[in-house]
Amino acid sequence: MYKIPAQTYPIIQEWIAHGSRVLDLGCGDGSLLKTLAGTKQVEGIGVEISEEMILKCISKGICVYQADIDKDLSEWDDGSFDYVVLNATLQVITRPYRVIEEMLRVGRFAIISISNFGYARNRLRVLAQGRVSSSARISGGWHDTPVLRYVSLKEFISSIREIGVEIMDARYIFPFNVVSSTRWPLYNLLAKEGIFRLRRT
Amino acid sequence: MSHNPTFVETEVLSVERPFRFESGDILPRIDIAYETYGQLNERRDNAVLIEHALSGDAHAAFYHKGDRKPGWWDCMIGPGKAFDTDRYFVICSNVIGGCRGTSGPSSINPATGRPYGLTFPPISIRDMVEVQRILLKHLGIDRLKCIAGGSMGGMQTLQFFCDYPFQFESFICIASSMKHSAQQIAFNEVGRRAIMADPRWNNGNYYDDVPPEGGLSVARMIGHITYLSEKMMQEKFGRLKKDKESRAIFRPSFEVEHYLDYQGISFVKRFDANSYLYITNAIDNFDLKTSLSSRDRFRGEGRQRGAHLDDMRGKRGLVISFSSDWLYPPSQSKEIVQFFSAFNVRVSYTEIATEHGHDAFLTDYTRPSEIIWGFLSSLS
């Protein structure tokens with residue numbers, strides 16, 4: 001399965017205001033919401049599809065809603081949340097534009113983190129091995145990996161603008177835990193991940 | 001309040017003072033049948049209130065002496081079970097209007113010395129709640145860890161929690177709804193008509209005679225069709241025939257007919273036809289949102305219902321639905337989640353994959369037990 005990058009937690013915490021209402025899509029075992037509840041006193045709800053993860057969330061006292069985020073966001077009213085988070089989950093979504101639009105409908109801001117498929121190691125792997133579906137974060141073969149979307153930071157940034165979404169803030173995570181908020185040259189080759197704070201333009 | 005670990009008895013609280021119904025009608029006295037399991041702790045804060053469904057009663061768990069079957073939710077209540085009686089003091093009572101020990105149409109009217117029949121006041125889900133408040137006061141319990149129930153039990157759970165949120169730390173609502181849809185009302189109405197079309201019903205005056213068993217068993221048969229999923233029914237019975245040799249026409253021959261027949265017959269032995277009418281009527285008229293915005297002119301504390309909704313903030317809730325439940329479909333459970341989320345109740349929702357239809361809330365206990373155990377353990 002896909003590894004949740006904990007490096008993004010401090011960045012998300014920095015962006016989220018104290019006491020806000022947060023919806024975490026694909027919340028896994030609820031660890032992000034647990035962290036945010038502790039440090040930022042947020043009122044958080046997680047959305048998760050896996051029964052195993054739901055049980056973990058409920059047992060931790062995390063509020064969780066079992067749903068398929070590709071289908072079920074329509075139940076929340078407009079502006080129900082301050083932040084809607086999609087942490088390391090975009091890659092497994094069937095209709096990403098639809099989900100991003102829904103995120104910015106139910107929430108004022110969206111926070112999306114993605115693993116950069118344009119990262120040098122991923123490029124080398126494809127180049128050297130000729131294998132597309134084996135990147136550092138992906139398990140399984142092409143036929144059963146949950147990862148459906150292979151996207152680079154550059155592609156994400158340019159496409160997100162086209163659908164009327166503004167990037168308010170971004171952090172690029174490089175090897176050795178180097179994090180930058182500016183888009184350095186060659187970022188699309190050297191950054192492992194990116195995380196973005198978004199709103200409607 | 002100590003109990004033998006295996007055998008329990010239904011106790012009856014006699015309330016010798018008038019009870020005023022939501023309709024405004026008054027009864028001079030009522031009985032409340034209830035059972036308790038486990039021990040109330042010294043801080044008196046480990047109580048869990050269980051709410052039963054249409055055909056349930058106060059006997060939720062363990063065995064009555066001489067019985068072969070335990071209470072209706074024994075799979076969920078007991079030592080080490082979801083509602084762990086080693087940790088919680090579990091209470092369950094029979095609803096007002098019922099026929100299993102709490103006052104209902106089959107109870108004796110002290111003014112006439114005869115059963116109330118249809119002179120029993122119409123009941124509401126809120127009346128069921130108010131009667132339980134009398135019981136809780138009697139037991140000396142003000143704050144409860146949780147209130148939980150499935151189907152009609154879920155309706156009582158929601159009503160109780162919304163009317164008196166300050167009494168509860170959390171609620172668990174299983175396979176239920178904030179109000180009945182036209183389809184749900186329609187099925188209940190067919191059941192009621194079956195009873196009323198039985199000449200033995202006699203406008204509710206049958207207590208000296210043979211009760212309307214034919215009508216009540218048909219009502220129960222309809223109920224059971226709605227409790228099962230189509231797939232489960234097909235897998236369980238298909239077109240199997242029990243008595244291939246029989247030449248009698250229109251006698252039950254398919255397995256499914258025998259099953260329904262059995263369900264109907266066993267039901268009439270333990271249930272009162274008038275109670276069936278009263279309770280299904282209460283279920284159909286239940287509308288949580290409306291009930292919270294309308295005034296109740298009659299009772300004291302909650303003079304204006306919905307007055308305490310803001311107290312729900314930060315409380316915990318758990319809503320469970322079953323994937324193949326078409327009587328109380330998952331969409332109705334999701335509406336409950338949205339309703340409470342809007343009041344900042346911290347509600348979790350899970351849809352359990354099962355083929356067992358609405359019946360799953362009584363029969364599928366493995367996954368719900370894990371979830372409920374985890375939920376209750378995570379409370380403060």
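Naming: A, B, ... by sequence-line order, numbering from 1 per chain.
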So does B/Arg346 pair up with A/Glu43, basic N to acidic O under 4.0 Å?
no

Given heavy-atom pairs under 4.5 angstrom as the criterion, report whether the side chain, backbone, both or neither of [X] touches chain A.
X: B/Ala353; value: both
X: B/Thr350; value: both
X: B/Gln338; value: side chain
X: B/Ser331; value: neither
X: B/Leu379; value: neither

Using a cut-off of 6.0 Å, state whether more than 12 heavy atoms not belonging to [X] lie near its atom [atom1].
X: B/Phe343; atom1: CZ; value: yes
X: B/Lys179; atom1: NZ; value: no
X: A/Arg95; atom1: CZ; value: no
X: A/Glu166; atom1: CD; value: yes
X: A/Lys60; atom1: NZ; value: yes
X: B/Arg313; atom1: CZ; value: no

Counting heavy-atom pairs closer than 4.5 Å to chain A, which one of B/Val347, B/Asn344, B/Val337 comes out on top?
B/Asn344

So, A/Gln66 side chain and B/Glu351 main chain: donor-acceptor pair closer than 3.5 Å or not?
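Yes, because the side chain of A/Gln66 sits within donor-acceptor range (under 3.5 Å) of the backbone of B/Glu351.
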
Any chance you could measure A/Asp77, atom CG, to B/Ser341, atom OG, to the nearest 0.5 Å?
10.0 Å

Nearest heavy atoms of B/Ser378 and A/Ser59, plus distance in Å:
CB-O, 3.4 Å

Heavy-atom distances under 4.5 Å only: say whether A/Glu48 touches chain B with side chain, backbone, both or neither.
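No part of A/Glu48 comes within 4.5 Å of chain B.
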
Relative to chain B, which of A/Ile58, A/Ile62, A/Ile54 shows the most heavy atom pairs under 4.5 Å?
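That would be A/Ile58.
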
